[in-house]
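Contents: one structure, followed by commentary.
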Amino acid sequence: MILHLVLLAAIAVCALRAVLLTDLLRSAISLALASAALSILFFELGVPYAAVFELSVGAGLVMVLLVSAIGLTKRAPPENEEEGKSLVLIIPVLTLLALAVIDIIAFASLDSRILPVPGAQAASFEETLWRVRWLDVLAQLGMILAGVFAVLVLFRKENDPIVIAPRNEGSARVEEPHGS
Amino acid sequence: MDPRLIWLYDFVIVAGLFLLGLIGLLVMRNLVKLLISIEVLTKGVSLALIASGFAQQNRLVMQSVVVTLIVVEVVVVAVALALIVNLYRRTGSLDVRRLADLKW
């Protein structure tokens with residue numbers, strides 16, 4: 001139980017740092033740490049496949065993508081990041097307290113409904129994923145294909161024959177090198 | 001460990017993560033920070049699903065749903081980052097206030 005609470009606190013702190021820090025790189029690293037703590041929590045709760053996915057994909061791949069994108073950009077002037085910071089610091093604390101109270105009230109009202117589902121642990125994870133949730137697997141395949149095509153279209157070159165829209169003055173800036 | 005107590009503790013953090021992501025989406029101006037806020041929101045949803053599955057002793061189904069959620073999350077991040085890099089090349093900035101070209 002103590003490990004569980006420590007992990008929950010680590011997730012909360014890392015997520016808070018990920019949202020509130022102005023440095024994008026530190027923010028991405030904090031998000032990866034939150035994912036790593038979440039994956040340990042998943043292991044503790046007895047869901048190892050979700051934990052492995054969260055650690056490898058959520059903490060690893062997403063961080064690599066974020067750091068790569070941050071590396072292609074330049075640091076913004078600090079005045080752009082300062083707006084609304086007091087709002088960011090005050091409102092979450094107050095609303096979190098309100099949500100915690102609502103959470104406890106909901107917990108008390110839902111107490112009788114949380115019952116063990118008989119036979120839910122009978123099947124293995126593989127059987128659950130490939131037989132019960134097979135439509136999710138198809139949806140994952142579709143999502144991955146759609147993502148690959150979207151990234152290919154977004155990173156196509158300007159002289160690619162796919163381009164249909166006529167060029168205007170604003171698009172001339174596209175060919176300028178950035179981030180080097 | 002009492003599953004219902006775990007559920008209670010987890011959902012306090014789920015509420016916090018969801019709220020934090022929502023506040024980030026509403027307040028932040030940087031596109032990458034907006035994406036990170038979406039990620040924080042997704043972490044909250046993942047934790048909510050797993051905690052509910054743990055409390056109801058129905059972990060396998062929730063585990064497969066979370067695996068699907070993680071795959072969708074990665075695709076969203078990849079496409080969003082591609083969009084962000086393209087927008088940065090066009091505008092030279094990650095500030096959402098400069099993206100007013102679609103307004104009329």
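So you know, we letter chains A, B, ... as the sequences are listed, proteins then strands, and number each from 1. Nothing here was measured: the structure is a model prediction, and the numbers come from that model.
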For the candidates [options], which exhibits the highest count of non-hydrogen atom pairs separated by less than 4.5 Å from chain A?
options: B:Asp10, B:Val65, B:Leu26; value: B:Asp10
options: B:Ile50, B:Leu17, B:Val76; value: B:Ile50
options: B:Val40, B:Val67, B:Val66; value: B:Val67

Side chain, backbone, both or neither of [X] within contact of chain B (heavy atoms, under 4.5 Å):
X: A:Ala150; value: side chain
X: A:Leu66; value: both
X: A:Leu65; value: both
X: A:Ile144; value: both

Between atom [atom1] of [X] and atom [atom2] of [Y], what is the distance when rounded to the nearest 0.5 Å?
X: B:Leu31; Y: B:Thr91; atom1: CG; atom2: OG1; value: 8.0 Å
X: A:Glu44; Y: A:Leu7; atom1: CD; atom2: CG; value: 6.0 Å
X: A:Met63; Y: A:Ser30; atom1: CE; atom2: OG; value: 9.5 Å
X: A:Leu72; Y: B:Ile84; atom1: CG; atom2: CD1; value: 11.5 Å

What part of [X] lies closer than 4.5 angstrom to a heavy atom of chain A: side chain, backbone, both or neither?
X: B:Leu83; answer: both
X: B:Val71; answer: side chain
X: B:Val79; answer: both
X: B:Thr42; answer: neither

* Asked: Closest heavy-atom contact between B:Ala78 and A:Val151?
  ->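 Smallest interatomic distance, heavy atoms only, reads O-CG2, 4.0 Å.
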
Please check: side-chain N/O of [X] versus main-chain N/O of [Y], any donor-acceptor pairing under 3.5 Å?
X: A:Arg17; Y: A:Arg26; answer: no
X: B:Glu73; Y: A:Gly58; answer: no
X: B:Lys33; Y: A:Leu24; answer: no

* Against chain B, work out which of A:Ala28, A:Gly46, A:Ala9, A:Ala146 has the most heavy-atom pairs shorter than 4.5 Å and name it. =>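 Counting heavy-atom pairs under 4.5 Å, the top option is A:Gly46.
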
* Asked: Can you tell which of A:Ser35, A:Ala12, A:Ala139 has the highest number of heavy-atom pairs within less than 4.5 Å of chain B?
  ->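 Top option by heavy-atom pairs under 4.5 Å: A:Ser35.
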
* To do: Apply side-chain contact (heavy atoms from CB on, under 4.5 Å) to the pair A:Trp134 and A:Leu138, showing each step before the final yes or no.
  => CA-CA 7 Å; A:Trp134 60 273; A:Leu138 280 182; 3.6 Å; yes

